[in-house]
Structures are given as C-alpha cells and as structure tokens.
Amino acid sequence: IPEKEVNGKSPLEFASTWMNLQNDLLIDQSTGLIFDNYQLRSKQSNKGNYSYNNGIVLGALGLARQKAANQHPYIDKISSKVVDFVVNHMSENGALYSPSADFRNNNAHAFNGIFMHFVPFYIFSDCPTDAKKQMKSFISNCASAIWKQIEEKKNQENQYAVSFYWGKSFNAAETNCMTTVSGAECLLTYLQMVHNKLPVDYQK
C-alpha cells in the first residue's frame, strides 16, 4: 500500500484489519474453502470455488506470516487448511482446476494464472513446512501437465499454447491468449521454486 495512511490507519494496521475481516468472513476455517464474496445486507458468505481466490489468500497469509505473525495467530492453521483444500478439491488429474469456473466466461481464463502469480508469496514464507511441501509438489504436477500439453504439439505453429483445462489434453477450442498466459505463470512459478527466488529478488 503506497499511501501513508488508509482511513487513519498505517498500511500495516489497515492490512491487518483487512486480513482479520477476510479470515472471519471469507474463509471456511473448518475446510479451507475460500468464499467468493460476502453480502453485507444478508450477512452471507457465498461460495465461489474459484482458484484465483485461493491463490490470493495464500499469498496474503504468507506475507502476513512474514510481517505480522503475532497479530494473526490463525495463519498457520488456516494456510494449511487452504492448501489441503486446493490439492484435494480443486484439482483435475493432479492439476489446478476451478470447479465453479466456466470457459465461456472470459474472466475465468485467467483464474489459474492469478493463483500461480500470488502463491509464491506463500511458498517462500515461513508458514508450516509440511503444507508448503504439499503445495510445491502440487505446483510441480501442474507444470508437468502444462508441459505435456506443449509436448503434444511439437513443431506445430501453436506449440507453446496452453488450453483452459490443464489436466486434459490440449484443446484448440478452449485456448486463447489468457489461457496460455496462465500456463506460462505456472511454469514461471515452478522455475521460481527450482531457483528458490521470488520475482522481486531477480533484480537484486
């Protein structure tokens, strides 16, 4: 947060308040499911099952663990639950999958890429090791599934294109710029793991 103050609070105070609200209203603490939104009038959390929510939440939990763990004692338990939910309930043939996403919705094309963009802030945090190992293994499986799609098209013009469903064979009808970018984000995250470097560290 670049501002010196947000609603009279320092960036860290504002972020901590937001983290606590998110934990209370947008995370099912018993399962690790991330709700898509919270309705103020009905006071209901609505289920989404979209991969981008899980990636953003894991990234936020990882950053909070690094910066203000004492203010958020639930981080370790919740992050482990979210990882377990992703691996066991948001995968298709071992690769990341959004059960509620629809390829016909243009926004959905980027969901897996958003997950992979933010999850490194979790896997490079000091959150519990077992859950991070589980997530790293899952990311490796995703990268393998994407590379398998690429290998299917050797010497073809669209060789490096990646289609929407990573756990299936390449499908040209379910492929566009954003599905390919999402696949590239996964491969970049895998490379970050291999080289043990966050993107922000490459310029150091």
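The structure presented is a predicted model; accordingly, all values stated were derived computationally and were not measured. What's counted below: heavy atoms across the whole structure, side chains too, no hydrogens, waters or symmetry copies.
Taking the six-membered ring for Trp and thresholds of 30 and 60 degrees, Tyr74 and His72 have ring planes more than 60 degrees apart, a perpendicular arrangement.
Here Tyr165 sits in one hydrophobic cluster together with Tyr97, Phe103, Phe164; the rule is ILVMFWY side chains under 4.5 Å apart, joined directly or through other members. Members clustered with Met178: Val181, by chain and number, using a 4.5 Å side-chain heavy-atom cutoff among hydrophobic residues.
For the residue pair Asn37 and Gln39, a side-chain donor N or O sits within less than 3.5 Å of a side-chain acceptor on the partner. Of the N and O atoms on the side chains of Ser16 and Gln71, at least one donor lies less than 3.5 Å from an acceptor on the other residue.
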Please tabulate, one pair per line, all N/O donor-acceptor pairs under 3.5 Å involving side-chain atoms of residues 136-147, not counting sequence neighbours.
unit_1	atom_1	unit_2	atom_2	d
Ser140	OG	Lys136	O	3.1
Ser144	OG	Ser140	O	3.1

Between Asp36 and Asn46, does the side-chain contact (heavy atoms from CB on, under 4.5 Å) criterion hold? Intermediate values first, please.
CA-CA 6 Å; Asp36 192 52; Asn46 297 317; 5.6 Å; no
May I have the step-by-step check of side-chain contact (heavy atoms from CB on, under 4.5 Å) for Gln29 and Asn23, ending in yes or no?
CA-CA 8 Å; Gln29 299 184 32; Asn23 182 60; 3.3 Å; yes
Could you check Val57 against Tyr122 for side-chain contact (heavy atoms from CB on, under 4.5 Å), going step by step and ending with a plain yes or no?
CA-CA 9 Å; Val57 166; Tyr122 167 74; over 6 Å; no
Quick one, Met90 with Ile34, criterion side-chain contact (heavy atoms from CB on, under 4.5 Å). Give me CA distance, side-chain angles, the key distance, then yes/no.
CA-CA 11 Å; Met90 301 192 75; Ile34 308 299; over 6 Å; no
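In this structure, CD1 in Ile78 is found 5.5 Å from CD1 in Ile27, a value given to the nearest 0.5 Å. A distance of 12.0 Å separates OH in Tyr160 from CD in Gln156, rounded to the nearest 0.5 Å. Note: Lys67 NZ to Met19 CE = 13.0 Å, rounded to the nearest 0.5 Å. Here the CE atom belonging to Met193 is positioned 10.0 Å from the CE atom belonging to Met135, to the nearest 0.5 angstrom. Within the model, atoms NZ of Lys132 and CZ of Phe124 stand 9.5 Å from one another, a figure rounded to the nearest 0.5 Å. One finds the CD atom of Gln66 at 11.0 Å from the CZ atom of Phe121 (value rounded to the nearest 0.5 Å).
Residues passing the side-chain contact (heavy atoms from CB on, under 4.5 Å) test with Ser163 are Gln149, Phe170, Asn171, Thr175, sequence neighbours excluded. Judged as a side-chain contact (heavy atoms from CB on, under 4.5 Å), and not counting sequence neighbours, the contacts of Leu33 are Asp28, Thr31, Phe35, Lys47, Asn49, Phe85. Considering only residues two or more places apart in sequence or on other chains, Lys43 meets the salt bridge (charged side-chain N to carboxylate O under 4.0 Å, His left out) condition with none of them. Under the salt bridge (charged side-chain N to carboxylate O under 4.0 Å, His left out) criterion, Asp24 pairs with no residue, sequence neighbours left out. Every residue two or more places apart in sequence or in another chain was checked for a salt bridge (charged side-chain N to carboxylate O under 4.0 Å, His left out) with Asp130, and none qualifies. Partners of Glu157 by salt bridge (charged side-chain N to carboxylate O under 4.0 Å, His left out), not counting sequence neighbours: none found.
Taking both residues in full, the closest heavy atoms of Gly62 and Ser125 are given as O-CB, 3.5 Å, listed atom of the first, atom of the second, then distance. Heavy atoms only, all atoms of each residue included: Cys186 and Trp166 are closest at CB-CH2, 3.7 Å. Summarising the geometry of Ala161 relative to Lys153, their closest heavy-atom pair is O-NZ, 3.0 Å, with the distance given to 0.1 Å. Nearest heavy atoms, Thr179 versus Val162: OG1-O, 2.8 Å. The two residues Ile75 and Cys127 make their nearest non-hydrogen contact at CG2-SG, 4.0 Å.
Linking Ile, Leu, Val, Met, Phe, Trp and Tyr whenever their side-chain heavy atoms come within less than 4.5 Å leaves Trp18 and Ile56 in two separate clusters. Note: the hydrophobic cluster containing Phe118 does not contain Val86 (ILVMFWY, side chain heavy atoms under 4.5 Å, direct or indirect links). By the criterion of side-chain heavy atoms lying less than 4.5 angstrom apart, applied directly or through intervening Ile, Leu, Val, Met, Phe, Trp or Tyr residues, Ile114 is not grouped with Leu26; the two fall into different hydrophobic clusters.
When each of Ser182, Ser98, Ser91 is tested with Ser51 by the rule side chain to side chain donor-acceptor pair (under 3.5 Å), just one qualifies, namely Ser98.
Residue pairs meeting the salt bridge (charged side-chain N to carboxylate O under 4.0 Å, His left out) criterion with at least one partner in residues 71-87, sequence neighbours excluded, are Arg65-Asp76. For residues 41-61, the pairs satisfying ring-ring contact (aromatic ring centres under 6.0 Å, His included) are Tyr50-Phe111, Tyr52-Phe111, with sequence neighbours left out. Sorted by first then second residue, the salt bridge (charged side-chain N to carboxylate O under 4.0 Å, His left out) pairs that include residues 6-18, not counting sequence neighbours, number zero.
When side chains are defined from C-beta on, Ile150 counts as touching Gln159, because their heavy atoms get closer than 4.5 Å.
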